[in-house]
Amino acid sequence: METIIPPVDVNLLIEELTPERKLCNTNKAGNELYVFDGRTAPNLLREVGRLREECFRAEGGCSGKSCDLDEFDTMEVPYRQMIVWDPDAKAILGGYRFILGPDVKLDENGQPVLATSHLFRFSDRFIRDYLPHTMELGRSFVAPEYQSSKAGAKAIYSLDNLWDGIAAITLSHPGIIFLFGKMTIYNSLPIGARDLIFRFMDKHFPDKDELVRPIDPVLLSNDPHLLDLILKDEEYKADYRNLKSAVRSFGCNIPPLVNSYMNTSSTVKVFGTARCYDLCDAVETAILVCFDEMYEDKRERHVQAFHRDKLEKVRSRFPNLDSIQEMRIIQRMEEVRQKVMDRFRKKTS
């Protein structure tokens with residue numbers, strides 16, 4: 001296990017937080033969202049790699065390197081990084097990396113070159129119909145000092161801030177309607193609790209079309225029929241209460257990111273779980289969320305930050321803009337997305 005690199009000089013980070021890289025402000029806690037890649041912001045990338053390694057080690061899964069960066073962070077057309085910046089503390093609160101479907105290349109076997117390609121096999125249908133409209137997300141983290149309630153609102157809204165970033169990037173690209181990612185479950189979670197979560201997701205969010213399959217699937221350690229005695233309700237909310245209670249009986253909780261994804265939409269698709277040998281044997285569950293089918297209250301909460309920033313930029317150019325014109329701008333953005341969604345549904349029906 002290598003020694004983690006020291007923090008990058010904050011002045012070098014601030015130099016790279018240029019206006020053109022700013023996405024928008026967060027909806028809560030007064031933070032800022034930035035997007036960049038390592039070619040033009042090497043210091044920010046290095047600090048992200050340091051924080052990722054620090055966070056993942058604390059959870060029991062890590063690269064073991066001095067800095068959690070790989071070829072996907074540094075390749076010719078690299079994954080981009082989205083970070084939440086705390087302007088008060090002058091520190092990175094959290095972040096993730098992403099790549100848009102239209103930027104993804106295929107390898108000699110016709111499989112997409114993604115950070116998840118060594119874990120999952122993608123069907124021809126997924127590659128043809130879904131990938132062009134999909135953003136892959138990964139390496140999500142929240143800096144250790146923002147994981148404690150002692151950090152106040154900055155910590156309370158850390159995951160919310162990350163979702164603000166997801167919404168802002170998605171709305172900036174009307175052709176992107178799906179979010180593909182993986183939920184990491186570390187070995188610190190008891191096997192019984194893990195099996196209950198897997199069984200629950202398979203029951204309520206099945207991939208009936210087998211769009212994506214794990215190459216080396218992680219199988220249940222417990223008899224599924226015994227798990228079904230606990231997860232006994234067909235209705236989601238009632239069964240979720242069963243899951244929550246059962247997991248707590250193991251002295252733990254459902255991991256926050258898993259909890260967040262499961263309560264995002266009723267149309268979530270879960271693609272099974274694979275073992276990730278490059279993260280200390282942690283396991284990864286692939287998941288697909290349709291952004292436009294997220295629960296309305298959650299979607300609107302995160303959309304607000306982007307719309308507010310968009311209108312502020314328009315007002316700076318057209319100060320006499322009235323409320324009706326502002327509403328039309330937002331409506332026009334939503335209409336463009338709806339047309340993309342309608343075309344997709346027609347194509348795949």
Counting only heavy atoms not in Arg337 (residues, nucleotides, ligands), do more than 12 fall under 6.0 Å from its CZ? yes
Is it true that Lys339 and Glu335 have a side-chain N and a carboxylate O under 4.0 angstrom from each other? no
CD of Glu47 to CD of Glu16: how many Å apart, nearest 0.5 Å? 11.0 Å
Value for SG (Cys67) from CG (Asp73), rounded to nearest 0.5 Å, stands at 8.5 Å
Is Lys346 salt-bridged to Asp342, going by a charged N under 4.0 Å from an acidic O? no
Using side-chain heavy atoms (C-beta onward) and a distance below 4.5 Å, is Phe98 in contact with Thr170? no
Side-chain contact test, heavy atoms from C-beta onward, threshold under 4.5 Å: evaluate it for Tyr79 versus Glu136 and give yes or no. yes
Going through the distances and angles, do Val84 and Leu33 end up as a side-chain contact (heavy atoms from CB on, under 4.5 Å)? CA-CA 5 Å; Val84 182; Leu33 301 167; 3.7 Å; yes
Under the criterion side-chain contact (heavy atoms from CB on, under 4.5 Å), I'd like the reasoning laid out for Asp103 against Arg80: C-alpha separation, chi angles, the key distance, then a yes or no. CA-CA 11 Å; Asp103 296 329; Arg80 283 178 277 174; 3.8 Å; yes
Just by modelled atom types, is the Asn222 backbone N or O under 3.5 Å from a matching donor or acceptor in the Asp195 side chain? yes
Tell me if the CZ atom of Arg46 is crowded by more than 12 foreign heavy atoms within 6.0 Å. no
More than 12 heavy atoms from other groups under 6.0 Å of CE on Met75: yes
Mind checking whether Trp163 and Tyr261 have parallel, tilted or perpendicular rings, split at 30° and 60°? perpendicular
Heavy-atom distance under 4.5 Å between the side chains of Met262 and Leu243, does that happen here? yes
Apart from Ile156 itself, which Ile, Leu, Val, Met, Phe, Trp or Tyr residues share its cluster (side-chain heavy atoms under 4.5 Å, direct or through members)? Tyr157
Is it true that Glu145 and Lys154 make a salt bridge, defined as a side-chain N closer than 4.0 Å to a carboxylate O? no
If every non-hydrogen atom of Ala41 is compared with every non-hydrogen atom of Phe36, which pair is closest and at what distance? CB-CD1, 3.7 Å
Counting distance only, does the side-chain N/O of Arg39 pair as donor-acceptor with the main-chain N or O of Glu76 below 3.5 Å? yes
Are the side chain of Asn263 and the backbone N or O of Asn259 linked by a donor-acceptor pair below 3.5 Å? yes
Separation between CG (Leu131) and CG (Asp124), nearest 0.5 Å, reads 12.0 Å
So do the side chains of Asn31 and Pro87 get within less than 4.5 Å of each other, counting heavy atoms only? yes
Do the side chains of Asp70 and Arg97 get close enough for a salt bridge, i.e. N-O under 4.0 angstrom? yes
From the list Phe344, Phe291, Phe126, ring-ring contact (aromatic ring centres under 6.0 Å, His included) partner of Phe178 resolves to Phe344
For the NZ atom on Lys105, are there more than 12 heavy atoms of other groups (residues, nucleotides or ligands in this structure) within a distance under 6.0 Å? no
Members sharing Leu229's hydrophobic cluster, built from side-chain contacts under 4.5 Å between Ile, Leu, Val, Met, Phe, Trp and Tyr, are Leu226
Can you list the residues that meet the side chain to side chain donor-acceptor pair (under 3.5 Å) rule with Arg328, with sequence neighbours excluded? none
Any sub-3.5 Å donor-acceptor pair from Ser172's side-chain atoms to Ala168's backbone N or O? yes
Using the side-chain hydrogen bond (donor to acceptor under 3.5 Å, both in side chains) definition, which of the options Lys232, Lys244, His204 pairs with Asp239? His204
Is there a donor-acceptor pair closer than 3.5 Å between any side-chain N or O of Arg199 and the backbone N or O of Leu227? no
Whether the side chain of Gln147 engages the backbone of Val142 through a donor-acceptor N/O pair (distance < 3.5 Å, no angle test) should be reported. yes
How close do Glu210 and Ser123 get, heavy atom to heavy atom, and via which atoms? O-CB, 3.8 Å
Is there a side-chain contact between Arg21 and Thr40 in this structure, where contact means two heavy atoms from C-beta onward sitting under 4.5 Å apart? yes
Tell me if a side-chain donor or acceptor on Asp322 pairs with a main-chain N or O of Ile324 at a distance below 3.5 Å. yes
Heavy-atom pair of closest approach, residues Ala193 and Leu189: CB-CG, 4.2 Å
dist Leu196:CG -> Ser249:OG (nearest 0.5 Å) comes out at 7.5 Å
Sidechain N-carboxylate O distance under 4.0 Å for Asp164, Lys28: no
Is the shortest heavy-atom distance from the side chain of Leu44 to the side chain of Tyr34 under 4.5 Å? no
pair Ile176-Pro102: side-chain heavy atoms closer than 4.5 Å: yes
Ignoring hydrogens and geometry, is there a side-chain-to-backbone donor-acceptor pair from Thr26 to Asn161 under 3.5 Å? no
Donor + acceptor pair across side chains of Gln111, Ser117 (<3.5 Å): no
Ring centroid separation for Tyr236 and Phe200, is it under 6.0 angstrom? yes
Is any side-chain heavy atom of Asp160 closer than 4.5 Å to a side-chain heavy atom of His302? yes
If you look at every heavy atom in Arg308 and Asn27, which pair is closest and at what distance? NH1-OD1, 3.3 Å
Testing the basics here: between Phe120 and Thr285, what is the closest heavy-atom pair and its distance to 0.1 Å? CZ-C, 4.4 Å
Considering residues, nucleotides and ligands other than Lys203, do more than 12 of their heavy atoms fall under 6.0 Å from its NZ? yes
Less than 4.0 Å between a side-chain N and a carboxylate O, is that true for Lys22 and Glu312? no
Scanning both residues in full, the closest heavy-atom pair of Leu119 with Ala274 reads O-CB, 3.7 Å
If the threshold is 4.0 Å, N to carboxylate O, is there a salt bridge linking Asp207 and Arg213? yes
Decide if the gap between the ring center of Phe180 and the ring center of Tyr130 is smaller than 6.0 angstrom. no
In terms of side-chain geometry, is the basic nitrogen of Glu296 or Arg299 positioned less than 4.0 Å from the acidic oxygen of its partner? no
